[in-house]
Asks: 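One structure coming up, written as structure tokens, with questions to follow.
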2 protein chains.
Amino acid sequence: MTVTLADVAARAQVSPATVSRVLNGNYPVAASTRERVLKAVDELDYVLNGPASALAAATSDLVGILVNDIADPFFGIMASAIQNEIGGPGGRAGGERLAVVCNTGGSPERELTYLTLLQRQRAAAVVLTGGAIEDPAHLTAVGNKLRKLADAGTRVVLCGRPPTPEAIAITFDNRGGGQLLTEHLIGLGHRRLGYIAGPEERTTTRHRLEGHRAALAAAGVEDDPRRTVYGRYDRLSGYEATLELLRRDPTLTAVVAANDTVALGACAALRDSGLRIPDDVSVAGFDDLPFSIDAVPALTTVRLPLAEAGARAGRIAMGREEAPPGGIATVRGELMVRGSTGGPREA
Amino acid sequence: MTVTLADVAARAQVSPATVSRVLNGNYPVAASTRERVLKAVDELDYVLNGPASALAAATSDLVGILVNDIADPFFGIMASAIQNEIGGPGGRAGGERLAVVCNTGGSPERELTYLTLLQRQRAAAVVLTGGAIEDPAHLTAVGNKLRKLADAGTRVVLCGRPPTPEAIAITFDNRGGGQLLTEHLIGLGHRRLGYIAGPEERTTTRHRLEGHRAALAAAGVEDDPRRTVYGRYDRLSGYEATLELLRRDPTLTAVVAANDTVALGACAALRDSGLRIPDDVSVAGFDDLPFSIDAVPALTTVRLPLAEAGARAGRIAMGREEAPPGGIATVRGELMVRGSTGGPREA
DNA sequence: CACTAGATAGAAAGCGCTTGCTGTCACGCT
DNA sequence: AGCGTGACAGCAAGCGCTTTCTATCTAGTG
């Protein structure tokens, strides 16, 4: 039924070993023989049996990319960049690797499940993107998994994740970015800033919030805990949180959101409340996703070099770039000041 | 080094066959034996060797999802829905399937490469999303591949793709949607409509444009080819195309975009040209991605039930839902009239 | 011209798992 | 008591490929 290596060998009048060597290109094969084999492969329309090959060679060409939310461009952009570096040539002949993205949906269990599945497939490499969940049990579990993967020869790289001892990491300076943003707002004269945080248990959330608070503290601005609301990383969450913030303190002059998507929701809530941006209330986001420039007014935010970081992580995962010193590279965000922030009302 | 089935068997004092049967749960094993085995598995921290298992059983638990652009929420939303239906339980014991998304970047070669890679892995199922490329050679190549995959037992499902004889398809009625949109605009009184199409060789592009033209024809509105510009499915393309349309005919009263992202670019171009939306020019998008409601004014568009379609495709791929009659299900879009469209200037 | 090294090709032993077929018991019938 | 019958468990034969070790042949060398 299906064509096997042996069939090709028979057709090309060589041994299976030779066919394998032609296909893998890591052993001298006479040009004439090679041609004969390739011809047979072509004629029979032979497709290598991946599992068999992986079993015999004890390695596979599968590379996994874990993301928290595949519908979120934040992850899409990184994943795309990673895949670009991996999908290409380089590696075993036949050349291609199967770079696949796995959507955890932010669930710790699914993250672990995917890791196990990839371990099961003897993946060549795994890249984990996005913030981690700060549950100690889960952290240990993931750490163990990563160590086991690494022990089994899988290259593990983190991208936009806090560093861990188990893997090489490209990390975003979320704390610094958050600080930059709030400094900017304070510099404009704001003193009553609402903060819409992401899910409480995520590192990204915590770091950005820490930056925000650091900026407040540095400027001697009181940090009323009632001005912080936790939510999800989505638009609706931003909308609702803004309404809540406004309810708690109608005199707010600025809202800092956990990310751009949340900021968009905030803008909508503000508009629906009859407030103008930035005249009445300034709004700031985070990430600088493509759509933020299209908000009206355009969103002030912190640009994270998602594509660059992803590409680098991908290259490291493929062993095409050296790991950063200490196994950790921190990438800073850049403040993008746009129309959504301005001086406070009473200026 | 790595724990194998045999190790577990030794520890549990049973044969490897029994361990395998416990793990696969498709053969009677006495409860006490099962427990002993499970305990050994746990103690040894055994992880099944996927390739070996796939080789022996001649099937794998890999499911591939092909998307054109993973950074585009259009695909992200579908992929997420598909993965949700697949990742869950059901299937071989151990239960989980490895649902992975592959990013073709819209390139025909990569599409084919991924298909081959998936074939090589003996994937359990493959779901192709998004429009196809209308190059006959490529179409045949993909068709052949799909047939081979199907012959090898891989379930193939198309989601948001035009139907082909080789697979079950959930298709979007892009033509109907395009028509709806343009009818709406014509109904408002518009007669000079610019159209920003996607890449010329994609089915999605063609179908939406056909719908647009059908609406024009039905209303007896002249269809000046100079009012149509082709581009990519991204924001910048929308921006540039709009400028071009304006150059060609400054009296345009409406712009219909290939999708929401393009529409956002169009809005920006219009604003930068000093035109108000919808007072001076109306704008319409397509897809109703989450951010379209946050555009200012909110985008009139055609909502496509991406998540529903994806979920259905996923279920069909897993054999958990019957294929639609004839192997084809067409899903209609729903016109969402919002603030970005209104009566024309001179009304 | 015998001899060795280099270049190729093949034989064969697995890689770790699944599964058809063959036992082995312990029951429950007649 | 004799036996058919389930219910389990184990044997062993692969699945299709890679790779080590060996065999063969050619060509270069002193």
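Being a predicted model, the structure only gives us computed values, none of them experimental.
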Asks: Just to verify, what does A:Glu308 make a side chain to side chain donor-acceptor pair (under 3.5 Å) with, not counting sequence neighbours?
Replies: none
Asks: Tell me: CG of A:Leu44 to P of D:dG16, nearest whole Å?
Replies: 15 Å
Asks: Let me see the working for B:Glu43 and B:Arg11 under salt bridge (charged side-chain N to carboxylate O under 4.0 Å, His left out), right down to the final yes or no.
Replies: CA-CA 9 Å; B:Glu43 288 168 355; B:Arg11 173 129 194 164; 2.8 Å; yes
Asks: Grab the CG-P distance between B:Asp61 and C:dT18 for me, whole Å please.
Replies: 11 Å
Asks: What is the distance, rounded to the nearest whole Å, between atom CG of A:Asn49 and atom P of C:dC15?
Replies: 18 Å
Asks: Determine, stepwise, if the pair B:Arg161 / B:Glu166 fulfils salt bridge (charged side-chain N to carboxylate O under 4.0 Å, His left out).
Replies: CA-CA 12 Å; B:Arg161 258 208 177 214; B:Glu166 291 86 9; over 6 Å; no
Asks: Rounded to whole Å, please give me the gap between CZ in B:Arg122 and C1' in D:dC15.
Replies: 11 Å
Asks: Does the pair A:Arg202/A:Glu134 count as a salt bridge with the N-to-O cut at 4.0 Å?
Replies: no
Asks: Side chain of A:Tyr46, heavy atoms from C-beta onward: which of C:dC17, D:dC17, D:dA9 has the nearest atom to it?
Replies: D:dC17
Asks: So do A:Val14 and A:Thr33 actually touch side chain to side chain, heavy atoms under 4.5 Å?
Replies: yes
Asks: Rounding to an integer number of Å, can you tell me how far B:Arg36 CZ sits from D:dA9 P?
Replies: 8 Å
Asks: Could you tell me how far apart A:Leu55 (CG) and D:dG14 (P) are, to the nearest whole angstrom?
Replies: 17 Å
Asks: Out of A:Leu306, A:Ile65, A:Val101, A:Val67, which one pairs with A:Met78 under the side-chain contact (heavy atoms from CB on, under 4.5 Å) rule?
Replies: A:Leu306
Asks: May I ask you to check whether over 12 heavy atoms, not counting those of A:Glu35, lie within 6.0 Å of atom CD?
Replies: no
Asks: Look at B:Ser53 and C:dT18 and indicate whether a side-chain polar atom (N or O) is within less than 4.0 Å of OP1 or OP2.
Replies: yes
Asks: Whole angstrom is fine here: how far is it from CZ in A:Arg120 over to P in C:dG16?
Replies: 16 Å
Asks: Please check the phosphate of D:dC8 (OP1 and OP2 only) for any side-chain N or O of B:Thr33 closer than 4.0 Å.
Replies: no
Asks: Can you name the atoms? Protein N/O to nucleotides 19-26 of chain C N/O, anything below 3.5 Å, with the distance.
Replies:
| from | atom 1 | to | atom 2 | distance (Å) |
| --- | --- | --- | --- | --- |
| C:dG20 | O6 | B:Arg21 | NH1 | 3.2 |

Asks: Does A:Val19 reach a base, just sugar-phosphate, or nothing at all? Heavy atoms under 4.0 Å.
Replies: nothing
Asks: Any side-chain N or O of B:Thr4 less than 4.0 Å from the OP1 or OP2 oxygen of C:dG16?
Replies: no
Asks: Out of D:dA9, C:dC17, C:dA9, which has the shortest distance to the side chain of B:Leu48?
Replies: C:dC17
